[in-house]
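Remarks on the structure that follows.
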Amino acid sequence: MPLIETRDLWQRWDGEDILKNINLRVERGEIFALIGPTGAGKTTLLRLIDMLDTPAAGKVFFDGADVNASEKIRLEMRRRISFVLQKPVVFNTSVYDNVACGLRWRGMSSRRVREKVDDILETVGLTGYKNRNARTLSGGEVQRVAVARAIAVQPEVLLLDEPTANLDPVSASKIEELIADVIKRGTITVIMATHDMSQGQRLADRIGVLVNGEMVQSGDPREIFASPGNRQVAEFVGMENIIDGVVTSNEGEMAAIDINGRIIEAVTEYDVGEEVSVCMRPEDVTVALAKLSSSARNCLAGNITWTVSAGPLCRVEIDCGFPMVALVTIRSAGEMGLKKGTQVYATFKAVSIHVIRRH
Amino acid sequence: MTEIWHGLVKAVELIISFDPEVMQIAGRSLMIAVSSAVIGSVICIPIASFIHFNRFRGKRFLVSLIQTFYSVPTVAVGLFVFVFISSAGPLGGLGIVFTPPAIVVGQVILITPILLGLTISALSGVDRAILDTARSLGAGGRQMAVLVVKEARFAVVAAVIMGFGRAISELGISLMVGGNIRGFTRVITTAISLETSKGDIELAMALGIILIFIALVVNILMNRIQQR
């Protein structure tokens, strides 16, 4: 029996469908990441799971029980779940009282509250801030208070809504470490919404991709990353090259695909005549000045139309009859003297191409 | 003009010499108005929370009705209380007419709309995210109400101070149900009114200055609180 299950769940606001027919099952102990662009409905789904809102249609089950029950029963259920909101707010009181409130509301004795809160504050590294008014904290510290407050009550389910959005990189990685610690330590079930694909990959056992209110794909992070089900998911997981073409031949799953008159080879099951999109990660494309003799089946000549540096890498846009993006290290870009107009060869393997059908 | 100046000098003398009558009247005024504000708050804050946290038909209408009574005339309240507590009235048996408790009853009625209305708007000022956070952390109905009142505490205190200000500065109720009895129910406003009509400008002015001073202190307190 899944710990959390949604059946044909819909949410509607102002006549607009925010969530469409969501069927989600999260098992006890599972770490599930909801990924998707901003406005996809991730927050709406988490709010329904935490019983903060009522769905327009469909049901939510918690531990096998329908959450559409009396407020008393819902409160009992909600007390087994903690939710860290996207823009966390702290109560206008001390850090200590903020972390203690959930425990006090559950009727814990003040001595045990004290032990527990001291312990948690140490875990999140806020011991020195115990008596500070929480409103005076920085964004990253507020987020830590919010996480501390949520885990203090030892929930069975932890809901996290974009836990590291709006934080500087250092605070973000601290929060992520903290979440990873919580996950490692216990048998907690986590559902986290994030628009950061790689965060989902790092933390989750399973990922669901939410786009425009629909759960378009869910599965193993590696599977989602390598074989996105449609164009939207492909874009979201960083397949920057998505090029439309038509299958012209297919022998034993080694297909030739015509893209604007250029033929590339890819491994796919789609038959001749099928309209497809070819997806490729920029990091899978090798750029060279001369034709490489390698096992890679595809090697296209083209001219560089644009280069731009991004950290240790250089993003190179090439026109090979169709636009393509490649990533090379800054160092090799310098050695090859890559710049606008340089003629290069873009090489990539047939297996590094993911082919999806166009609708 | 010299008369005003003379009166002002005498008034200041009365204040700095802690004139027993002036101090007694001022003390009584404070005592009565503070009692009214405290009793009013004890009654109104829970009722305001109840109105704020519950959905019911006619809630909007009720809130606008409450706001309409912010400026209820003091003499209207005085008259209303008087007909109830005068010896011929339905509550005449209590025998509180022309006593300080009668003034307190009247003032509580007078400031109830302000306390209710301003407390309701103070509570509505609490961020929705605070409510969601509290619910998600497992707060029950009453725990939630207590938390929200705590979150809105500065705005709620401001409402109480407003109520106090209205109570200490009113004249109609004190005069009509208190009776302005010297040494018993005479308060600043009734004394000013009487002394002025008697021609004793100095005493009236001294009390006026004290009243303005109290208003000033209240205002400073309000500003302090609202800046937090």
Side-chain angles (χ1 to χ4, degrees), chain A residues 43-44 46-53 70-94 97-108 133-136 142-143 145-161, chain B residues 41 45-57 59-60 115 118-162 221-228:
Chain A
T43 301
T44 308
L46 290 180
R47 289 181 64 92
L48 288 176
I49 293 171
D50 198 31
M51 297 165 258
L52 292 176
D53 296 326
S70 73
E71 191 47 44
K72 205 180 152 210
I73 294 172
R74 283 161 73 91
L75 179 63
E76 275 171 31
M77 290 186 188
R78 203 185 286 121
R79 284 186 172 171
R80 295 161 62 187
I81 305 176
S82 275
F83 186 10
V84 178
L85 277 75
Q86 180 167 11
K87 284 184 195 132
V89 289
V90 284
F91 305 128
N92 193 358
T93 175
S94 68
D97 283 338
N98 264 277
V99 179
C101 60
L103 301 168
R104 288 184 187 140
W105 287 333
R106 282 162 181 74
M108 193 182 270
N133 183 308
R135 288 272 160 91
T136 63
V142 164
Q143 186 67 284
V145 171
V147 173
R149 199 164 56 179
I151 59 177
V153 298
Q154 287 184 308
E156 290 168 52
V157 180
L158 180 61
L159 306 175
L160 301 162
D161 194 359
Chain B
S41 306
I45 293 172
I47 295 176
S49 317
F50 181 83
I51 294 172
H52 176 73
F53 286 109
N54 286 281
R55 267 188 231 166
F56 51 88
R57 269 185 69 172
K59 177 170 169 172
R60 266 210 187 148
L115 290 175
L118 294 184
T119 305
I120 290 171
S121 59
L123 299 181
S124 343
V126 173
D127 194 350
R128 269 217 71 84
I130 291 279
L131 306 182
D132 285 340
T133 305
R135 277 177 76 198
S136 73
L137 287 168
R142 191 177 299 168
Q143 293 163 336
M144 188 97 145
V146 171
L147 177 87
V148 171
V149 173
K150 267 192 195 164
E151 284 293 303
R153 57 191 179 269
F154 298 126
V156 171
V157 170
V160 174
I161 291 176
M162 281 289 272
L221 271 179
M222 280 272 281
N223 277 324
R224 278 269 179 102
I225 287 169
Q226 275 164 356
Q227 273 161 12
R228 287 203 204 182

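Values reported hereafter were calculated over all heavy atoms of this structure, with side chains retained and with hydrogens, waters and symmetry mates removed. Note on naming: letters A, B, ... go to the chains in the order of the sequence lines (proteins, then strands), and numbering restarts at 1 for each one.
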Open item on the list: Run B:R153 and A:N92 through side-chain contact (heavy atoms from CB on, under 4.5 Å) and show every step you take.
Closed with: CA-CA 10 Å; B:R153 57 191 179 269; A:N92 193 358; 4.0 Å; yes
Task: Atom CD of B:Q143 with >12 non-hydrogen neighbours under 6.0 angstrom - done: yes
TODO: Heavy-atom pairs under 4.5 Å with chain B are the metric here; pick the option from A:E71, A:R80, A:R135 that has the most.
DONE: A:R135
- [ ] Check each atom of B:L147 against the heavy atoms of chain A and say whether the ones under 4.5 Å are side chain, backbone, both or neither.
- [x] side chain
TODO: Count the heavy atoms belonging to other residues, nucleotides or ligands that lie under 6.0 Å from CE of B:M162, then report whether that count exceeds 12.
DONE: no
TODO: Check whether more than 12 heavy atoms from other residues, nucleotides or ligands sit under 6.0 Å from atom NZ of B:K59, and answer yes or no.
DONE: yes
Open item on the list: Evaluate A:L75 against B:R135 for side-chain contact (heavy atoms from CB on, under 4.5 Å), listing each step before the verdict.
Closed with: CA-CA 8 Å; A:L75 179 63; B:R135 277 177 76 198; over 6 Å; no
- [ ] Could you tell me which residues in residues 47-57 of chain B have at least one non-hydrogen atom under 4.5 Å from a non-hydrogen atom of chain A, sorted by residue number?
- [x] none
- [ ] Quick one: closest heavy-atom pair of B:I130 and A:V90, and the distance?
- [x] CD1-O, 3.7 Å
- [ ] Before giving the answer on side-chain contact (heavy atoms from CB on, under 4.5 Å), spell out for B:L137 and A:F91 the whole-Å C-alpha distance, their side-chain angles and the decisive distance to 0.1 Å.
- [x] CA-CA 12 Å; B:L137 287 168; A:F91 305 128; 4.2 Å; yes
TODO: Answer yes or no: is there a side-chain heavy-atom contact under 4.5 Å between B:D132 and A:F83?
DONE: no
Open item on the list: So for A:V84, is it side chain, backbone, both, or neither that comes closer than 4.5 Å to the heavy atoms of chain B?
Closed with: neither
Task: Nearest-0.5 Å distance that lies between atom CZ in B:R142 and atom CH2 in A:W105 - done: 15.0 Å
Open item on the list: Which atoms of A:L52 are under 4.5 Å from chain B, going by heavy atoms: the side chain, the backbone, both sets, or neither?
Closed with: both
Open item on the list: Let me confirm one number: the OG-CE distance from B:S136 to A:M51, rounded to the nearest 0.5 Å.
Closed with: 11.0 Å
